[in-house]
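Accompanying notes for the structure given below.
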Amino acid sequence: MTTTPPADLANAAVADILTALTGGTTQPLVVDSPPGAGKSTLVVRAARTLAAAGERCIIVAQTNHQVDDLLIRLADPTASRLRLGRLTGGTYEVPEHVLALPNTIISTDIKDVLTCDVIIATAMKWAYVDSAYWQWAIIDEAYQMRSDALLLIAKLFDRALLVGDPGQLDPFSIISTPRWIGLPHDPLNNAVTVLTNYNDAVVRTLPVSWRLPPSAADIVSRAFYPFTPFQPGTAPATRTLTFTTQGLHDRCDATVEEAARTGWALHELPPRHTARIDAEAAHATVALAARLLTRGAEAVCENHPDGRRLQPADIAIGTAHREQARHIQHLLNHNPHTRGVRADTANRLQGREFAVTIVLHPLSGRRDASAFHLEAGRLCVLASRHRHACIMVARAGITDLLDRHPSNDPVHLGVPAKFPDGWEAHQHILDHLAYHRVPAP
Amino acid sequence: MSRLSTLLRLEAAETQTAQDASLVSHFHLTERPLLFLPLNHSGTEATPLAVMLGTEPARPHLLVTPPHGRPTTLLQELADHVLTYIDSFRNTERLLAKSRKPARERHTHAPQLLVANRKSITYVERLGRALRFTEPPEDSDPAHSVGRLGQWLTFFADHAEHPGSAFLLALTDLLATRWITGQSRLEDEHLAALLAWIDPPPGTTGLHAALETENPQLPGPDGRLHRPAGPATDPSFDSLELDPLLTAYDIAAAEGNTAAIARHTDRLNDLLHTYLRPTWDDAWRALGLLRTLPEIPDAQRRWAADRDRFTAYRTYLTTDGRPQPIKDDAVSAARRLARLELAQAAFDAHRALEDPFFMAERRTTGEALAGTVTDVDARHTIPGARGPRLRPRLTLHTTDPVRLDLGHLLAGPHNPRVHLAVRAITPRGQGTDLLLEVTTLTGTVNKPRSDSVPAVGDQLELTFAPEFFSRPAFPSRENTPWTHGGPQHNHPAAALEETEKP
């Protein structure tokens, strides 16, 4: 173990990236970042560094939510002033607090914002811009971006800084065809892979996760980032979760207490094969969220050293399938204690952060382990959204299921083997959860 | 598989009878399709052993590769048959210019290739890839060459990938949309067994008929052997019948016994005829069953688009004519993906709006819901650039699970062109109240169109509306950016893509 404080490690890594950025390189820069390692901070600092060097740049994000988030950070009144431009689509309603930002022009037309130091928009919006040109583009969440989206905007710049988390889910399409497998420009692949297939890129990694608590950083690093390990940014004592009321001493209490104490819990329901919507498991996730809230969980962290009462918006429930998420959201909305808790799929929770996450295990109740359910990225997203604790809800018997279904994905020419392997990552996480198992009858 | 089809499958298994699923046809079936039953030489890639094809049930054409020979003659005969068939579609209609489309010619009819199962679609693709670069021999007409056959087979296979296109269809797929059997989806791929489930002989159940039919060694309930429909041959056929025949042929050839050679060649023809004929009859029986179904309106619209593509591709063959490239370049791949995604979304949306079974299936997955209109505000307006715009609002009460987000656009079979945006979702009682806003065909404040607004008490079924949005243009091949390998020049895909514009 290194003894360098995490903050110094992170600063050194960022300084190195910023030097490369202004060093006159013609190679694209790729920054691989583990969950919660300060991607947005890096994007903002890179934009500021370029602006300070007299270089105007554009920022490409994937969703309007991400754009607004970055814009708020860029408009930080305590830092040096930047002229900011935000391009929006015609149908998007910009939230009030974004409209009120200083030194910011918000427009649907590129002509209104051309003079700005930094212009930011979604990849989709940038695709409609032409006849303008910048030296640099900073692409946020580049691993979530499909390569055909990059093809649409690549005319706008000739150098790029791509920032993203390689451990997350690959982009998605409703079309599944083997037609492009193995091609260097497979449009279903992510932007980073295609760009690096055609160009020599400088690849850097961020070494510290500020989001994940020490209880999670080690296991997530081992299971999902075997070749680019990272460490937690906080000490074990910095983050605590305590309850202000006594519980009923039932199984739900046992689970939430285990999670509060250790950062992990496996709420294990009796074994059973179920359809996609497992009513019992769905109710368990909602009951656990309700229990966390009714027991007045108090979260202490570096941002709130005096503690802060857990609110519904601090909790998320993650699932593999949309139907499951919608079903659970329906239950959450009908329970007065849990209104405001969000249930969503791994795809939609990517890039988000919560105090506590409750995860319906992708393999819970299944008879088979298909490639979709085994995908390492899916489990990685679900197991790395939390600042305090992660509670997995699953039917017993997943270990046997994994033993019966070793991963047997076909191997294709021209497609590099993907690490980590989903099957192995699942085993890692299950091994770890075995120490935090709470059987629920 | 949705919950509804899973339940039907369980019910079919329990009652031993195939269950009704969708009662309409999602694809246009032409009057004169070409049935195409290929058998591949075991252990080789895209080397046909035999092909049975034709447009009339009573007149199958059997093409056979001679024992131990190359399929050269077979392929030339196949090219003749298929290209003559394609060439027989000559009538065109003149379409007038419409808002964005210029005036154009379009064939009134187009070829349609039917195969027994999905594997045969892949086989058509493989065969097309193997043949389309074949150079025509000197002094021959390229329009009747094996290379041209490869181009057309690739054309058909490419469209089998295009959601909603009816150029190349697998009969098992069509049957499995109409009926749900008590066997697995994999077993449904065996045309004879699937038909036995759907249409068992009198006095037996679907299950028993299928069990008897699927054994390739014993005659089925109709007294005939039903071999797997191809393109792979039944292994027991290979080792017990084909191999001994070929050995006998070899011995005759070594002895120079011409009479025996001729006899063995005839026997091979008979053998393959006996192999394929039951599948041939099954396929026409399947087609007969499918033709009784009414077509949904979208099937006609998609077929019209198919005919446009047929016309465009014929024009391409006479003007440019280069075979489809081996691989898509970056721009073609991205454009094709965008085209396929658009087609898939439109296909799914229309199927749900025009087929009650798909709508029911969507209700089980939360992509659709049904409810009663409890309140209507037909005069509701929103501010617009030129004065208030009419946006009637209504409240729909539903007890279906609601899995929608604000802003989603919905449409229903009551009037698919009326789109309703979700403005609020409120739990009420055991159900949910949805506040919906009519966003299309509203008319103006002074001239409201009342037929677009449902009335209080109406029962509505709603699902996601088909999406129509313009997409940004991909760069041209000459301008492929540095991220994707740089410019590409003089690529046949540029002209080919013109044939794909819907």
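In what follows, chains are A, B, ... by sequence order, proteins preceding strands, each numbered from 1.
- In this structure, A:E323 CD and B:T364 OG1 are separated by 7.5 Å, a value rounded to the nearest 0.5 Å.
- The backbone N or O of A:Y198 lies less than 3.5 Å from no partner atom in the side chain of B:H484, so there is not a single donor-acceptor pair.
- Around atom CG of A:D200, no more than 12 heavy atoms belonging to other residues, nucleotides or ligands sit under 6.0 Å away.
- Atom CD of B:E125 and atom CZ of A:R179 lie 7.0 Å apart (nearest 0.5 Å).
- The number of heavy atoms from other shown groups lying within 6.0 Å of CZ (B:R391) is above 12.
- The NE2 atom of A:H185 sits 7.5 Å away from the OG atom of B:S332 when rounded to the nearest 0.5 Å.
- For A:R322, no part lies near chain B; criterion is any non-hydrogen pair under 4.5 Å.
- Contact annotation for A:H321: neither backbone nor side-chain heavy atoms come within less than 4.5 Å of a heavy atom of chain B.
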Item to complete: Let me see the working for B:R336 and A:W180 under side chain to side chain contact (heavy atoms under 4.5 Å, CB included), right down to the final yes or no.
Response: CA-CA 11 Å; B:R336 189 190 298 271; A:W180 303 296; 3.7 Å; yes
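- Going from atom CD1 of A:I174 over to atom CD of B:E341 covers 5.5 Å, rounded to the nearest 0.5 Å.
- Contacts between B:P427 and chain A at a heavy-atom distance below 4.5 Å involve backbone atoms as well as side-chain atoms.
- For A:P28, the part sitting under 4.5 Å from any heavy atom of chain B is the side chain, from C-beta outward, and nothing else.
- With a 4.5 Å cut-off on non-hydrogen atoms, B:A473 touches chain A through its backbone but not through its side chain.
- Each of A:T196, A:V194, A:L188, A:D158 has some count of heavy-atom pairs under 4.5 Å with chain B, and the biggest count is that of A:D158.
- With A:N199 contributing its side chain and B:W482 its backbone, the two residues share a donor-acceptor pair below 3.5 Å.
- Between chain A and the options B:L340, B:D348, B:T483, the largest number of non-hydrogen pairs under 4.5 Å is found for B:T483.
- Enclosure of atom CZ in A:R272 is not indicated, since only 12 or fewer non-hydrogen atoms of other residues, nucleotides or ligands lie within 6.0 angstrom.
- Among all heavy-atom pairs drawn from A:L151 and B:F474, the shortest one is CD2-CD2, 3.7 Å.
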